[in-house]
Amino acid sequence: MPKPKAIVIGAGIAGIAAAIRLAVKGYEVEVFEANSYPGGKLSEITLGAYRFDAGPSLFTMPQYVDELFELAGKTKGLSYQNLDVVCKYFYEDGTKLSAYADEDRFAGEVAGLTGEDPANVKRYFKNSRNIYQITNHVFLERSLHRLKTFLRWDTLKSVFRFPQIDAFRTMHRANKGFFRDKRLIQFFDRYATYNGSNPYQAPATLNVIPHLEQYFGAYFPDGGMYSITTSLVKLGEKLGVKFNYTCVVDEIVLQKQEVKGIRVKGELQAADVVISNMDVYFTYSKLLKSHPELQPAKLLKQERSSSALIFYWGIKKSFQELDLHNVFFSGDYEAEFKAIWEKQGLYHDPTVYINISSKYKPDDAPMDCENWFVMINVPANKGQDWDELIAEARKNIIAKLSRILGEDVSSLITCESILDPRSIESKTSSYQGSLYGTSSNNQFAAFLRQANRSSKIKGLYFCGGSVHPGGGIPLALLSAKIVSDWM
Ligand SMILES: Cc1cc2nc3c(=O)[nH]c(=O)nc-3n(C[C@H](O)[C@H](O)[C@H](O)COP(=O)(O)OP(=O)(O)OC[C@H]3O[C@@H](n4cnc5c(N)ncnc54)[C@H](O)[C@@H]3O)c2cc1C
């Protein structure tokens, strides 16, 4: 019997993971990727002697990557190390806080700097763990759109505990209930940005995120973030997955309401099932444009997550006080989120995140130099004058970093490349350049995301950050798992 054929559209991290899982399940799998390289957002760039991870820089829940190697029967997978200090934080009032991975040490650091009772910090993490235990089976690891999910005892138990998850307060309000110190509230509010949301709107359910980082840990892959992509592509190839690059898929071909294959470079590629890893907005609006009757209008109108503006800078100096992950907080967080979400613009004093992979992978930069990935959160692309906004932001970021680090940062920049919402959109086909699909700014967001299987088109599945369970590497990997479990 010939193997059933699966086609995956897009070699983002979820597309690669879905391809691996289906190959293990016995499918013949072919991936069609528009770019000349795999990874989508999880890719890399080089500038002279500097290498940069282009998109994601924080690696959490590596078990979902390990699981793919285990499924394929491999004893050796991706190698990575656990971080003792997850991130260093710099506040406008001069406070410097090291977020230690160890809970007791972190609570001690916070108590020393802010006077906040360490017991409060522990109570906070306990609440975060509780939300995880309640939501994990329902919102993360399984489909919300399958009856089978709700017939399981662990799901039912979780559903009965829903009133405990604080879905009707905002994250910010809930954080204010835990802490008195403004710096600590700002610290925990920042977790909303892990899926491109606004802590002043997003439900307190998202206070689960600190648990994912604190309990499961933060990691650095020995070969840099891009090695997650390359190691999984290699694994897929070993399993017989065929990757086709520079192949823009133009259409998902249907007969009645059943998938027949895809059209790429004018030719039909037949398949029994098609898994789209392309942003769901463009899957419908481009690949299924000849079927307006099948478009989920409500879903396509949903608010998108925030985007990012990134400066990749080669820096001709090494900064002892900086680590792999560094955050320079805005002096007024609420005003910053108002500027992004209400005015769809930028704030003059943005929160600046710097990732320096050369701290852990010295060959990413020349000797005594560092590769700075400098990012601020920005609104999704709605046609703003980005050239003007970028020029202004660049000035403000350099002034802020120079002031806090006591160095003229502009004179240390030896090379530069920029990624903005427009280029994120064009390089990865992400609608409006959003990083994490739809936003999680209201308590119903999880229920409104595209399911991992089409209810209207037989044989069509969806994976990736724009569909259930959401954006970020761990959830994108889980979407592939849900797809494969469903088949
Ligand atoms: C700047 C930035 C920082 C981030 N930081 C983090 C972080 O620190 N930690 C974290 O976990 N996550 C982070 N994320 C989010 C994370 O990168 C994404 O959630 C995840 O990589 C999405 O993967 P995906 O599988 O949905 O596919 P994507 O990466 O969106 O890739 C989709 C792929 O489909 C291809 N494609 C699209 N249309 C077609 C077509 N018609 N034909 C063929 N191919 C097509 C695209 O070329 C692309 O390769 C960040 C993202 C960005 C951009």
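Predicted model, so just to flag it, every value in this text is computed and none were measured. When a ligand or atom number is given, it counts from 1 through the structure's own listing order. If you read the sequence from its start, that first residue is 1, and numbering goes on from there.
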Proximity of [X] to ligand 1 by residue part, where a heavy atom lies under 4.0 Å:
{"X": "Cys247", "value": "backbone"}
{"X": "Asn277", "value": "both"}
{"X": "Phe32", "value": "backbone"}

**Report entry** From Leu212, Val249, Val280 - option closest to atom 40 (C) of ligand 1 by heavy atom
**Finding:** Val249
Side-chain donor-acceptor pair under 3.5 Å between [X] and [Y], yes or no?
{"X": "Gln214", "Y": "Ser128", "answer": "no"}
{"X": "Asn396", "Y": "Asp349", "answer": "no"}
{"X": "Ser306", "Y": "Asn377", "answer": "no"}
{"X": "Asp66", "Y": "Tyr80", "answer": "yes"}
{"X": "Asp279", "Y": "Ser429", "answer": "no"}
{"X": "Tyr191", "Y": "Glu213", "answer": "yes"}
{"X": "Glu303", "Y": "Ser439", "answer": "yes"}
{"X": "Asn381", "Y": "Trp386", "answer": "yes"}

**Report entry** Distance-minimising heavy-atom pair for Ile16 and Ala11
**Finding:** CD1-O, 3.5 Å
Could you tell me the residue and atom name of the protein heavy atom closest to [atom], and the distance to it rounded to 0.1 Å?
{"atom": "atom 34 (O) of ligand 1", "value": "Gly10 CA, 3.4 Å"}
{"atom": "atom 44 (N) of ligand 1", "value": "Ala34 N, 3.0 Å"}
{"atom": "atom 11 (O) of ligand 1", "value": "Ile473 N, 2.8 Å"}
{"atom": "atom 19 (O) of ligand 1", "value": "Gly472 N, 2.8 Å"}
{"atom": "atom 26 (O) of ligand 1", "value": "Gly465 N, 2.7 Å"}
{"atom": "atom 4 (C) of ligand 1", "value": "Pro56 CA, 3.5 Å"}
{"atom": "atom 31 (O) of ligand 1", "value": "Gly12 CA, 3.5 Å"}
{"atom": "atom 23 (O) of ligand 1", "value": "Ile13 CG2, 3.6 Å"}

Subset of ligand 1 atoms that lie under 4.0 Å from at least one heavy atom of [X]:
{"X": "Ser429", "result": "37 (C), 38 (N)"}
{"X": "Ile310", "result": "1 (C)"}
{"X": "Leu58", "result": "7 (C), 8 (O), 9 (N), 10 (C), 11 (O)"}
{"X": "Pro474", "result": "11 (O)"}
{"X": "Gly40", "result": "29 (O), 31 (O), 48 (C), 49 (O)"}
{"X": "Gly39", "result": "29 (O)"}

Query raised in the report: Within 45° of the six-membered ring axis of Tyr27 and under 6.0 Å from that ring's centre, is NZ or CZ of Lys25 located there?
Result: no
Report task. Answer with yes or no after comparing the ring centroid distance for Phe319 and Trp372 against a 6.0 Å cut-off, counting only values under it. Result ->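 For Phe319 and Trp372, the ring centres are under 6.0 Å apart.
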Ligand 1 N/O within reach of [X] N/O, cut-off under 3.5 Å:
{"X": "Ala14", "value": "yes"}
{"X": "Leu419", "value": "no"}
{"X": "Glu33", "value": "yes"}
{"X": "Lys41", "value": "yes"}

Report task. Quick one: pull up SG in Cys369 and OH in Tyr50 and give me the separation to the nearest 0.5 Å. Result -> 3.5 Å
Report task. May I have the step-by-step check of salt bridge (Lys or Arg N to Asp or Glu O under 4.0 Å) for Asp250 and Arg263, ending in yes or no? Result -> CA-CA 6 Å; Asp250 295 316; Arg263 192 163 320 275; over 6 Å; no
For ligand 1, is there an atom lying under 4.0 Å from some heavy atom of [X]?
{"X": "Ser466", "answer": "no"}
{"X": "Gly437", "answer": "no"}
{"X": "Ser307", "answer": "no"}

**Report entry** Pair listing, salt bridge (Lys or Arg N to Asp or Glu O under 4.0 Å) test, anchored in residues 79-90, at least two apart
**Finding:** none
Report task. Sequence neighbours left out, what passes side chain to side chain donor-acceptor pair (under 3.5 Å) with Tyr91? Give chain and number order. Result ->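 Applying side chain to side chain donor-acceptor pair (under 3.5 Å) to Tyr91 gives none.
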